[in-house]
Colleague: 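There's a structure below that I have some questions on.
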Amino acid sequence: MITKQQIVTNDSIAFEGRTPCGVPGIIEHGKLCYKLKWYLVLYSNKKNEPATYRILGTPYRREEGGTRGNWKITTGKDGRIVYQLNDENAKPFIYLLQLDQGVLMFTDAKGNLLVGDHDFSYILNRRF
């Protein structure tokens, strides 16, 4: 069952996980890659509205400060809640479907779920 109630962030909420390398637009096609590590923090403003995010992990190294941008909530297929992360040029580049209050799943731009492999799934879990 997919929840249709937005996460309440208070000021920020963090997610982490390990995924296969097939997240669209992240790793160049043909580049050797086994897995991607993710640490995502979503920040909200004082009205609990989406504001900025920060990603650290394999594609965005901590020592380089990771990457930052803005995010927004969109309604996907069947009223599903989708978190759209935009790059520094305000172009959408990551889509995360909220499965419940503690789980986000990567999708493509059309809302199709990304299918994992025998080692990793396309899931990020909330870090408490």
Side-chain angles (χ1 to χ4, degrees):
M1 176 95 179
I2 296 174
T3 186
K4 295 181 182 177
Q5 183 178 0
Q6 169 182 333
I7 296 172
V8 177
T9 60
N10 292 326
D11 73 348
S12 66
I13 186 169
F15 291 88
E16 64 185 346
R18 289 171 175 76
T19 68
C21 298
V23 177
I26 302 300
I27 299 295
E28 297 173 28
H29 183 68
K31 186 174 182 181
L32 184 62
C33 176
Y34 175 63
K35 69 178 176 195
L36 298 175
K37 293 181 184 179
W38 297 89
Y39 184 75
L40 166 67
V41 182
L42 300 173
Y43 298 97
S44 60
N45 63 22
K46 292 180 182 181
K47 295 179 184 178
N48 197 37
E49 299 167 332
T52 61
Y53 69 83
R54 182 175 182 198
I55 299 175
L56 300 165
T58 307
Y60 308 103
R61 300 287 180 190
R62 184 176 306 268
E63 53 274 0
E64 297 170 8
T67 190
R68 299 169 190 262
N70 293 313
W71 66 285
K72 70 179 188 175
I73 298 171
T74 63
T75 303
K77 297 176 182 177
D78 304 323
R80 297 173 181 179
I81 296 171
V82 177
Y83 296 85
Q84 176 185 306
L85 280 59
N86 301 318
D87 65 17
E88 61 278 353
N89 298 316
K91 179 182 173 190
F93 81 112
I94 291 180
Y95 300 88
L96 298 163
L97 172 66
Q98 178 185 310
L99 298 180
D100 68 24
Q101 295 290 313
V103 180
L104 301 178
M105 183 169 193
F106 285 86
T107 71
D108 64 16
K110 294 179 182 178
N112 299 309
L113 301 176
L114 299 183
V115 179
D117 59 25
H118 63 281
D119 289 324
F120 304 103
S121 65
Y122 286 98
I123 298 286
L124 298 179
N125 294 295
R126 186 173 178 179
R127 184 169 183 199
F128 292 93

Colleague: Walk me through whether Trp38 and Val23 qualify under side chain to side chain contact (heavy atoms under 4.5 Å, CB included).
Modeller: CA-CA 11 Å; Trp38 297 89; Val23 177; 4.0 Å; yes
Colleague: Taking C-beta and beyond as the side chain, do Gln98 and Leu96 meet within less than 4.5 Å on heavy atoms?
Modeller: no
Colleague: For the pair Asp108 (side chain) and Lys110 (backbone), establish whether a donor and an acceptor sit closer than 3.5 Å, ignoring hydrogens and angles.
Modeller: yes
Colleague: Quick check for you: to the nearest 0.5 Å, what is the distance between Lys91 atom NZ and Asn86 atom CG?
Modeller: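 Lys91 NZ to Asn86 CG: 11.0 Å, rounded to 0.5 Å.
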Colleague: If you compare all heavy atoms of Asn45 against all heavy atoms of Lys47, which two are closest, and at what distance to 0.1 Å?
Modeller: OD1-N, 2.9 Å
Colleague: Rounded to the nearest 0.5 Å, how far apart are OG of Ser12 and OH of Tyr53?
Modeller: 16.0 Å
Colleague: To the nearest 0.5 Å, how far apart are CG in Leu36 and CD1 in Ile27?
Modeller: 5.0 Å
Colleague: For side chain to side chain contact (heavy atoms under 4.5 Å, CB included), just list the numbers for Asn112 and Thr107, CA-CA rounded to whole Å, side-chain angles, deciding distance to a tenth of an Å, and then say yes or no.
Modeller: CA-CA 5 Å; Asn112 299 309; Thr107 71; 5.9 Å; no
Colleague: Could you walk me through whether Met105 and Leu113 satisfy the side chain to side chain contact (heavy atoms under 4.5 Å, CB included) test, starting with their C-alpha distance in whole Å, then the side-chain angles of each, then the deciding distance to 0.1 Å, before giving a yes or no?
Modeller: CA-CA 7 Å; Met105 183 169 193; Leu113 301 176; 3.8 Å; yes
Colleague: Please round to the nearest 0.5 Å and tell me the distance separating atom CG of Leu42 and atom OH of Tyr83.
Modeller: 7.5 Å
Colleague: With a 4.5 Å limit on heavy-atom distance, are the side chains of Thr67 and Asp87 in contact?
Modeller: no
Colleague: Taking the hydrophobic residues Ile, Leu, Val, Met, Phe, Trp and Tyr, and joining any pair whose side-chain heavy atoms are under 4.5 Å apart, which ones share a cluster with Phe120?
Modeller: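 Reading the cluster by chain and number, Phe120 sits alongside Tyr34.
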Colleague: For Arg127, what residues pass the salt bridge (charged side-chain N to carboxylate O under 4.0 Å, His left out) criterion, not counting sequence neighbours?
Modeller: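 With sequence neighbours excluded, Arg127 shows a salt bridge (charged side-chain N to carboxylate O under 4.0 Å, His left out) to Glu16, given in chain and number order.
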Colleague: So, does Asp117 use its side chain to make a donor-acceptor pair with the main chain of Asp119 at under 3.5 Å?
Modeller: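 Yes: the side chain of Asp117 pairs with the backbone of Asp119.
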Colleague: What's the shortest heavy-atom distance between Pro92 and Gln84, and which atoms?
Modeller: CG-NE2, 3.3 Å
Colleague: With a 4.5 Å heavy-atom cut-off, do Thr52 and Arg68 have their side chains touching?
Modeller: no
Colleague: Does some side-chain heavy atom of Ile94 sit less than 4.5 Å from a side-chain heavy atom of Ile55?
Modeller: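 Yes - at least one pair of side-chain heavy atoms lies under 4.5 Å apart.
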Colleague: Find out whether Thr74 and Lys72 are in side-chain contact, i.e. whether some heavy atom of one side chain is under 4.5 Å from a heavy atom of the other.
Modeller: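 In short, these two side chains touch, coming nearer than 4.5 Å.
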Colleague: Show the nearest heavy-atom pair for residues Asn70 and Ala51, with the distance to one decimal.
Modeller: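 Asn70 and Ala51 have their closest heavy atoms at OD1-O, 3.1 Å.
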Colleague: With the side chain counted from C-beta on, respond yes when Arg126 and Ile13 share a heavy-atom pair under 4.5 Å apart, and no when they do not.
Modeller: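 Yes, side chains in contact.
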Colleague: I'd like to know whether Val41 forms a side chain to side chain contact (heavy atoms under 4.5 Å, CB included) with Tyr39, so could you lay out the CA-CA distance, the side-chain angles of the two residues, the decisive distance to 0.1 Å, and finally the verdict.
Modeller: CA-CA 7 Å; Val41 182; Tyr39 184 75; 3.5 Å; yes
Colleague: To the nearest 0.5 angstrom, please state how far the OG1 atom of Thr75 sits from the CD1 atom of Ile81.
Modeller: 7.0 Å
Colleague: How are the rings of Tyr122 and Phe106 set relative to one another: parallel (under 30°), tilted (30 to 60°) or perpendicular (over 60°)?
Modeller: perpendicular
Colleague: Please report the closest heavy-atom contact between Pro20 and Ser121, naming both atoms and the distance.
Modeller: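 Answer, listing the atom of Pro20 first, then Ser121: CD-O, 3.4 Å.
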Colleague: Checking side-chain contact (heavy atoms from CB on, under 4.5 Å) against Ile123, which of Leu99, Thr19, Leu114 comes through?
Modeller: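 Single pass found, and it is Leu99.
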